A.B. asks: 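Handing you this structure, nothing more for now.
Remember, it's a predicted structure, so these values are computed and weren't measured experimentally. Hydrogens, waters and symmetry mates are skipped; everything else that's a heavy atom, side chains included, is used.
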Amino acid sequence: MERASITVKLDKQVKIAFNNICEEIGLNMNSVLNAYILKTIRERGVSFYADDDYDDEDEILKRIEEIESGNAEIVSNGLRKI
């Protein structure tokens with residue numbers, strides 16, 4: 001299969017956080033994105049909801065900072081401050 005490239009622009013903190021998560025599960029960002037893209041094609045849809053509470057970039061960055069500083073914990077339905 002012939003390969004093609006795409007470019008995605010992200011906030012630096014978002015990229016770092018995503019890369020850290022990928023490394024924690026033993027994968028690189030490229031592999032995770034490829035898997036997600038193939039899953040999207042196979043299911044003919046995306047596996048997240050457009051109405052998630054995390055649609056505000058400032059709120060996303062704030063929550064990343066809370067996690068990285070240890071001032072929040074991840075729960076199944078979002079973040080809960082400690």
Side-chain angles (χ1 to χ4, degrees):
M1 177 183 296
E2 186 177 349
R3 306 293 281 175
S5 296
I6 61 172
T7 301
V8 178
K9 295 195 183 268
L10 299 170
D11 181 88
K12 186 175 182 177
Q13 287 182 302
V14 172
K15 179 185 176 190
I16 290 168
F18 180 63
N19 186 59
N20 289 342
I21 292 168
C22 292
E23 287 180 353
E24 287 174 13
I25 61 175
L27 297 169
N28 60 48
M29 291 189 300
N30 190 62
S31 295
V32 173
L33 291 172
N34 274 318
Y36 182 76
I37 290 167
L38 291 173
K39 181 179 186 291
T40 300
I41 292 168
R42 183 177 59 250
E43 295 178 0
R44 301 190 57 77
V46 295
S47 61
F48 64 88
Y49 299 101
D51 63 348
D52 278 347
D53 292 337
Y54 308 111
D55 59 354
D56 177 28
E57 183 177 347
D58 291 334
E59 181 66 19
I60 292 168
L61 295 174
K62 178 182 168 194
R63 289 174 185 242
I64 289 170
E65 288 174 14
E66 288 176 350
I67 292 169
E68 290 177 343
S69 68
N71 293 326
E73 67 177 306
I74 300 174
V75 294
S76 63
N77 60 346
L79 294 175
R80 182 177 58 223
K81 291 184 179 176
I82 296 175

A.B. asks: With sequence neighbours left out, write down each residue that passes side chain to side chain contact (heavy atoms under 4.5 Å, CB included) with Leu27, or none if nothing qualifies.
C.D. replies: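 Result, side chain to side chain contact (heavy atoms under 4.5 Å, CB included) vs Leu27: Ile25, Val32.
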A.B. asks: Output all residues satisfying side-chain hydrogen bond (donor to acceptor under 3.5 Å, both in side chains) with Asn28, sequence neighbours left out; order by chain, then residue number.
C.D. replies: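 By the side-chain hydrogen bond (donor to acceptor under 3.5 Å, both in side chains) rule, Asn28 matches Ser31.
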A.B. asks: Measure the shortest side-chain to side-chain distance between Lys15 and Lys12 over non-hydrogen atoms and say whether it is less than 4.5 angstrom.
C.D. replies: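 Side-chain contact under 4.5 Å: no.
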A.B. asks: Any chance you could measure Leu33, atom CG, to Leu38, atom CG, to the nearest 0.5 Å?
C.D. replies: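 Reported value, rounded in 0.5 Å steps: 11.0 Å.
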A.B. asks: With sequence neighbours left out, what residues match Asn19 under side-chain hydrogen bond (donor to acceptor under 3.5 Å, both in side chains)?
C.D. replies: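 Checked Asn19 against side-chain hydrogen bond (donor to acceptor under 3.5 Å, both in side chains); matches are Glu23.
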A.B. asks: Taking side chain to side chain contact (heavy atoms under 4.5 Å, CB included) as the test, write out the residues that go with Ile41, two or more places apart.
C.D. replies: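 In terms of side chain to side chain contact (heavy atoms under 4.5 Å, CB included), with neighbours along the sequence ignored, Ile41 is linked to Ile37.
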